[in-house]
*Asks:* 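Here's a structure for you.
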Amino acid sequence: MSAKKFQNAIAPTRQEDYPEWYQQVIKAADMAEMSSVRGCMVIKPWGYGIWEKIQRGMDDLIKETGHENAYFPLFIPLSFMELEAGHVEGFAKECAIVTHHRLIEKDGHLVPTGELEEPLIVRPTSETIIGRSFAKWIQSYRDLPLLINQWANVVRWEMRPRIFLRTTEFLWQEGHTAHSTEKEAMEETLMILDKVYRTFVEETLAIPVIVGEKTPAERFPGAVNTYCLEAMMQDRKALQAGTSHYLGQNFSRAFEIQFSNQAGEQELAYTTSWGVSSRLVGALVMVHSDDDGLRLPPKIAPKQVVIIPMLNKPGEEEAIMAYSNAVADDIRKQSWAGAPVSVLVDKRDMRPIDKKWQWVKRGAPIRLEIGARDMEANAVFMGRRDRSLKAAESVSRDQVADLVVSSLTEIQNNYFALAKMLLDEHTHSDIDSLAAFEKFFTPENSEKPEIHGGFVRTKYCGNPECEEKAAALKVTIRCLPIDQSGSEGKCVICGGSAKTDAVWAKAY
RNA sequence: CGGGGUGUGGCGCAGUCUGGCAGCGCACUUGCUUUGGGAGCAAGAUGUCGGAGGUUCAAAUCCUCUCACCCCGACCA
């Protein structure tokens, strides 16, 4: 294969075919692949390493805000789903159902037998089964608040799976809490949204978000209010990066989550639920990556520094490896973002140039190439993933550890700044008529739509009909931002008087 | 569930119209050369051509049935 064939490591580029580019980045980074089970993915070590970093960081925040982890069953009795009307409607169409518990051999094939008296559904979310437990655990106001989180897999039989973004089975955390007052439950709902989700997504994943409330059309089935984080991908479409629900007394009524208050009266508890999923990995890909593959913010990279020994000539190996390991140890002594810098010395039996490209495609923030020449000069050759490949340069050995630390901070900040620039540049507040709105969201090439559109932040009258009208353009209200301006204006769709700010976009 | 498409070594595909030895590129293995910027040459290994049935001297190719997957809609963390 000749070098000229590669202008970029990933084909097609983002401009050429964004959805295909997305899949190629994941493949080239060796993160995950679709499995032989419909809609289900295999998460490979590099992709799972990213998820583990997400879990660790998020879990710390969840615990710092007073929650404890627990675990509930994968299966939910079918009858539980019937108890909350809105909930059934939302999830009934996408459930996996277990109806048998045994196999027998018949004509050389295994067929299910032993039909269950009551079918079990594989959890699409756990409000119902956790609600039943909460009802048992809560007797008195002294048992409240009850603050529980679960790390789990869930199954939703979606029509069109897309790797990491919408798979049949996915990984997530789901928080479930119960409170004695509406006020406290609402505070919890919003606290999680800001202190846990927004903080983590912006500061660790380097993804800027718009925080807001969903309209009734986009609300979680069974919730009173649903709040969310919305992020902009590089094709300017929105991706929901986290969600927090105020459930009011809907689930406590259905599952009899009652407590005696201080006056000795029975009251229904107020509950919340909130979650982020492995979809965040897809968001990382679509926000930060470029036409050479994945780019990982250092705080989420499973390895922050990769050392590639240039083992080209026989006889040099031992000395270069010793030098490389010594450099690695120096860097490991450095602390960054509250933890030792993680370093991998890639000593695999591969051509160094192939290793280098592999680490570029996997998005390692910093590459250090070490060969005989560097060793003689008491130096290393350092490349940063946020800069062009040709911008790599020689750095003296005694400066490298400090430079790595300052570079990690710079890379983390650069990725956030770039993503923020994209979000700001393509968020428009000056679209004030239906004609302008339609023009903005209509691609020039309808056969093969180019990257177009973005977020429109404008007034909305609150009429669901206006929302439906936008849906014809595949545009939905992503959220009603928390930071409302309070000003009065005209609804962008119907022109009627409107006070509410809304963010409109095409979404994943 | 509607409309369109595809199933051929690990991956990507040609071959199907007009039946006649199962092919190509990449990746993989081995050897030699090369070696700080996605190397070259040579040899090698890898296949129930999605499945079942039929037509035929002969089927990847034709016919019937079937399964799976992909794209466009409805659904969605």
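Proteins get letters first, then strands, A, B, ... in listed order; numbering begins at 1 in each.
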*Asks:* Report the distance from atom CD of Gln24(A) to atom P of C26(B), rounded to the nearest whole Å.
*Replies:*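 Whole-Å distance recorded here is 18 Å.
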*Asks:* Work out how far the P atom of U61(B) is from that of C17(B), and round it to whole angstrom.
*Replies:* 9 Å
*Asks:* Starting at atom CZ of Arg367(A), determine the distance to atom C1' of G38(B), rounded to an integer number of angstrom.
*Replies:*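 Arg367(A) atom CZ is separated from G38(B) atom C1' by 13 Å.
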*Asks:* From CD1 of Ile308(A) over to C1' of U35(B), roughly how many Å is that when rounded to an integer?
*Replies:* 16 Å
*Asks:* Find every protein N or O atom lying less than 3.5 Å from an N or O atom of nucleotides 4-10 of chain B, and list the pairs.
*Replies:*
none

*Asks:* Anything under 3.5 Å between a donor and an acceptor, one on a side chain of residues 471-479 of chain A, the other on a protein residue two or more places apart or in another chain? List them.
*Replies:*
residue, atom, partner, partner atom, Å
Thr476(A), OG1, Arg478(A), NH1, 2.6
Arg478(A), NE, Glu230(A), OE1, 3.3

*Asks:* Please report, rounded to the nearest Å, how far the C1' atom of U35(B) is from the CG atom of Asp354(A).
*Replies:*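 Asp354(A) atom CG is separated from U35(B) atom C1' by 12 Å.
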*Asks:* Assess whether a salt bridge exists between Lys506(A) and Asp235(A), defined as any Lys/Arg side-chain N lying under 4.0 Å from an Asp/Glu carboxylate O.
*Replies:*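 Looking at Lys506(A) and Asp235(A), the cut-off is not met.
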*Asks:* Got more than 12 heavy atoms from elsewhere within 6.0 Å of CD, Glu317(A)?
*Replies:* no
*Asks:* Tell me, which stems hold RNA chain B, with a stem being 3 or more Watson-Crick or G-U pairs in a row and both distances under 3.5 Å?
*Replies:* B:1-7 with B:67-73, B:10-13 with B:23-26, B:28-33 with B:39-44, B:50-54 with B:62-66
*Asks:* Under 4.0 Å between any heavy atoms, over every strand shown, what does Lys390(A) touch: base, sugar-phosphate, or nothing? Just pick one.
*Replies:* nothing
*Asks:* Between C1(B) and G10(B), how many Å separate the two C1' atoms, rounded to a whole number?
*Replies:* 35 Å
*Asks:* For G9(B) and A22(B), measure between their C1' atoms and round to the nearest Å.
*Replies:*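 G9(B) and A22(B) have their C1' atoms separated by 10 Å.
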*Asks:* Cation-pi between Arg373(A) and Phe381(A): NZ/CZ under 6.0 Å from ring centre and within 45° of the ring axis?
*Replies:* no
*Asks:* So do the side chains of Pro297(A) and His288(A) get within less than 4.5 Å of each other, counting heavy atoms only?
*Replies:*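 Yes, at least one pair of side-chain atoms sits under 4.5 Å.
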*Asks:* Tell me whether Asp290(A) is salt-bridged to Arg385(A), with the criterion being a basic N under 4.0 Å from an acidic carboxylate O.
*Replies:*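 Yes, charged N to carboxylate O under 4.0 Å.
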*Asks:* Once ring pair (Phe, Tyr, Trp, His ring centres under 6.0 Å) is applied, do any residues pair with Phe455(A), and if so which ones, sequence neighbours excluded?
*Replies:*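 For Phe455(A), no residue satisfies ring pair (Phe, Tyr, Trp, His ring centres under 6.0 Å) once neighbours in sequence are set aside.
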*Asks:* What integer distance in Å separates Ile353(A):CD1 from U34(B):P?
*Replies:* 19 Å
*Asks:* Do the side chains of Thr99(A) and Pro112(A) get nearer than 4.5 Å, heavy atoms only?
*Replies:*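 No, their side chains stay 4.5 Å or more apart.
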*Asks:* With rounding to whole Å, what would you report as the distance between A68(B) and G54(B) at their C1' atoms?
*Replies:* 23 Å
*Asks:* Would you mind reading off the distance between Arg373(A) atom CZ and U35(B) atom P, rounded to a whole angstrom?
*Replies:* 13 Å
*Asks:* If I take atom CD in residue Gln23(A) and atom P in nucleotide G12(B), what distance separates them, rounded to the nearest angstrom?
*Replies:*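 It is 11 Å, rounded to the nearest whole Å.
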*Asks:* Ring centroid separation for Phe437(A) and Phe441(A), is it under 6.0 angstrom?
*Replies:* yes
*Asks:* Roughly how many Å is it from CD in Glu316(A) to P in G36(B), rounded to a whole number?
*Replies:* 10 Å
*Asks:* In whole Å, what separates the P atom of U66(B) from that of A58(B)?
*Replies:*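 Taking atom P in both U66(B) and A58(B), they lie 27 Å apart.
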*Asks:* Does a side chain donor of either Thr13(A) or Gln15(A) reach within less than 3.5 Å of an acceptor in the other side chain?
*Replies:*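 No, because no side-chain N or O of Thr13(A) sits under 3.5 Å from a partner of the opposite role on Gln15(A).
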*Asks:* Using the P atoms only, state how far G51(B) lies from C32(B), rounded to an integer number of Å.
*Replies:* 41 Å
*Asks:* Taking the six-membered ring for Trp, is the centroid-to-centroid distance between Phe80(A) and Phe75(A) below 6.0 Å?
*Replies:* no
*Asks:* What distance, rounded to whole Å, do you find between the two P atoms, one in C62(B) and one in C21(B)?
*Replies:* 16 Å
*Asks:* Pairs under 3.5 angstrom, nitrogen or oxygen only, protein versus nucleotides 73-77 of chain B, please.
*Replies:*
residue, atom, partner, partner atom, Å
G73(B), OP1, Lys474(A), NZ, 2.4
G73(B), OP2, Arg160(A), NH1, 3.1
C75(B), O2', Glu94(A), OE1, 3.2
C75(B), O2, Glu158(A), OE1, 3.1
C76(B), O2', Glu158(A), OE2, 3.2
C76(B), O2, Arg166(A), NE, 3.4
C76(B), O2, Arg166(A), NH1, 2.8
C76(B), N3, Arg166(A), NH1, 2.8
A77(B), O3', Gln240(A), NE2, 3.1
A77(B), O3', Arg279(A), NH1, 3.2
A77(B), N6, Thr167(A), N, 3.2
A77(B), N6, Thr167(A), O, 3.1
A77(B), N3, Ser277(A), OG, 3.0

*Asks:* According to side-chain hydrogen bond (donor to acceptor under 3.5 Å, both in side chains), does anything in residues 43-52 of chain A pair up with another residue at least two apart or in another chain? List the pairs.
*Replies:*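 Sorted result for residues 43-52 of chain A: Asp30(A)-Lys44(A).
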*Asks:* Taking atom P in both A43(B) and G50(B), compute the distance separating them and give it to the nearest angstrom.
*Replies:* 30 Å
